Amino acid sequence: MNVRKRGIGKRLTELHRWNGWIVVVLAATGLLLAWEPVRGWLQGYFRNPVKQLHIVLGIMSGILLAFYLPLLPKHLKQIRRRPKQKANLIFVLALLAGWLISGIVLWQIRSFPPAWANGALLVHDLFTWIGGPYLVYHSIARLKWMRRPERRAIRVEEETEEAGSGGGRSPYGEPVPLIHRRQFLKWTAGAAIAAVALPSFVRWLASSGGGGMGLPGVEGMAGSPGADANRMLPPPTPLPDSANVIGGGAQGHFRMYTVTRLPTFDSDTWSFRIFGLVDRPAEWNWGQFLALARTVQVSDFHCVTGWSVYGNTWEGVPLAAVLEAAGVKPSAKYVKFYSGDGTYTDALTLEQARMDDILLALMHDGKPIHRDYGGPVRLIVPKMYAYKSVKWLSAIELIDSEHIGYWEERGYDTNAWVKG
Ligand SMILES: Nc1nc2c(c(=O)[nH]1)N[C@H]1C(S)=C(S)[C@@H](COP(=O)(O)O)O[C@H]1N2
Ligand SMILES: [Mo]
């Protein structure tokens, strides 16, 4: 045993231990952030602190990686005769680097075009699906009781990572049985982890991110009417442009977000109103709302967490026309939007609200907007991140002072402009 080797070994062990714990907390916080059911009503005020913690830990892991890199050549030399260990090391380093780089893009999402964020989210999720189960397995396999005492002795001496296993020869030269108790435990653990993770992973792959981390998500905008659907009669009749679905239809999947239980609406009780600092406050029932002039527009939809749906054909009532008809008083400075879920709100400055592409949308790709995605009427603000696009829109109020929206109150940026 030589002294220099031992020094680097100690440092490696320290770095490994710190990084291991950081990755454990990163996994826990990451799961909380990505898991749709937790995202909304369980988290509320916790979402942003959890996100901040996740980011800080990610940076710490990056710093540890920076400390490690100068040791990498020596480390590789040290394990040059242990192919399994080498493969493990390269795999883990690639994982960490992928998480780090994609994480930085997602953290600084406003500085990047949406396509970058989409790619970063895909990498972040994919690496989590592959790396998460692997690291759980890796930690179980490293548990002391999984090791034979003589291996532990070698460990202390060389202070290296995960030793190779399986048939062949032990470092002492004695033959090792093909299936060892430890090996059996490892396989069992590996199989159990795979059995838990695989079905969700397959679902995630199939929907290419459609349901967050593969957990409950809803496919398709226009679901079949049932107990879970709105009952809006008559349904809106699409304009020709909308019925033809300009450009062949939307690309991508919406992740269904809500901060409340999903509300359901009925044309008999549904209403929509504009009030506050306007000359002519108004209220519409479903039939009256259907009679308002609509336009068709194609736009991209970007969530600030990194996913997008491109080329949506939206049909709806232009907000600018509704504001115009209501007669905005000179004292009005902001437009506040209320969701029929009773909780979610957001706001725009009057100037922003007058952009001509903002719609009170009723149809997506030629079909009524499904209740899960904000139907019968949702706001669409194409130039801003989708947290501005209030689902189940039920009222608009003209106000003279700033209103802080639901997610903005919980740490989202009031600047929601999408770059580019
Ligand atoms: N009422 C309501 N509107 C909402 C939200 C919500 O939770 N409740 N989430 C916002 C966010 S952050 C996004 S990304 C989009 C998601 O729309 P979707 O559920 O149709 O995919 O809705 C926005 N509008
Ligand atoms: Mo979002």
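Ligands are counted one by one from 1 in listed order, and the atoms in each one are counted from 1 as well. Quick caveat: nothing in here was measured; it's all calculated off a predicted structure.
- Contacts between Phe337 and ligand 1 below 4.0 angstrom, taking non-hydrogen atoms only, are absent altogether.
- Trp270 has its side chain within reach of Pro376: a pair of non-hydrogen atoms, C-beta onward, lies under 4.5 Å apart.
- Distances between N or O atoms of Trp392 and those of ligand 1 include no value under 3.5 Å.
- At a heavy-atom cutoff of 4.0 Å, ligand 1 is contacted by the side chain of Tyr344 but not by its backbone.
- Ring centers of Tyr68 and His16: at least 6.0 Å apart, outside the cut-off.
- Every atom of ligand 1 is numbered from 1 in the order shown, and the set under 4.0 Å from a heavy atom of Cys303 is 14 (S).
- Using a 4.0 Å cutoff on heavy atoms, Phe301 counts as a contact of ligand 1.
- Between Asp372 and ligand 1, not a single N/O pair is under 3.5 Å apart.
- For Ser389, the closest heavy-atom approach to ligand 1 falls below 4.0 Å.
- In this structure, the separation between CG on Leu323 and CG on Leu319 is 4.0 Å, given to the nearest 0.5 Å.
- For atom 15 (C) of ligand 1, the choice among His364, His370, Arg378 with the nearest heavy atom turns out to be Arg378.
- Contact annotation: for Ser339 versus ligand 1, heavy atoms closer than 4.0 Å belong to the side chain alone.
- Looking at ligand 1, you'll find an N or O of Tyr257 within less than 3.5 Å of one of its N or O atoms.
- Ring-plane geometry between Tyr137 and Tyr134 is classed as tilted, the angle between the planes lying from 30 to 60 degrees on a 0 to 90 degree scale.
- Atom CZ of Phe272 is separated from atom CG of Asn285 by 13.0 Å, given to the nearest 0.5 angstrom.
- Applying the 4.0 Å criterion to heavy atoms of Asp341 picks out, from ligand 1, the atoms 1 (N), 2 (C), 8 (N).
- In this structure, the side chains of Thr258 and Trp392 come closer than 4.5 Å at one or more pairs of heavy atoms.
- At a 4.0 Å heavy-atom cut-off, ligand 1 touches Trp307 through the side chain alone.
- For the side-chain contact (heavy atoms from CB on, under 4.5 Å) criterion with Phe301, the lone passing option out of Ile380, Val418, Val381 is Ile380.
- For Arg255, every heavy-atom contact with ligand 1 shorter than 4.0 Å involves the backbone, none the side chain.
- When heavy-atom distances to ligand 1 are checked against a 4.0 Å cut-off, Val259 comes that close through both its backbone and its side chain.
- Applying the side-chain hydrogen bond (donor to acceptor under 3.5 Å, both in side chains) test to residues at least two apart or on different chains, the pairs with a partner in residues 107-116 are Arg110-Tyr387.
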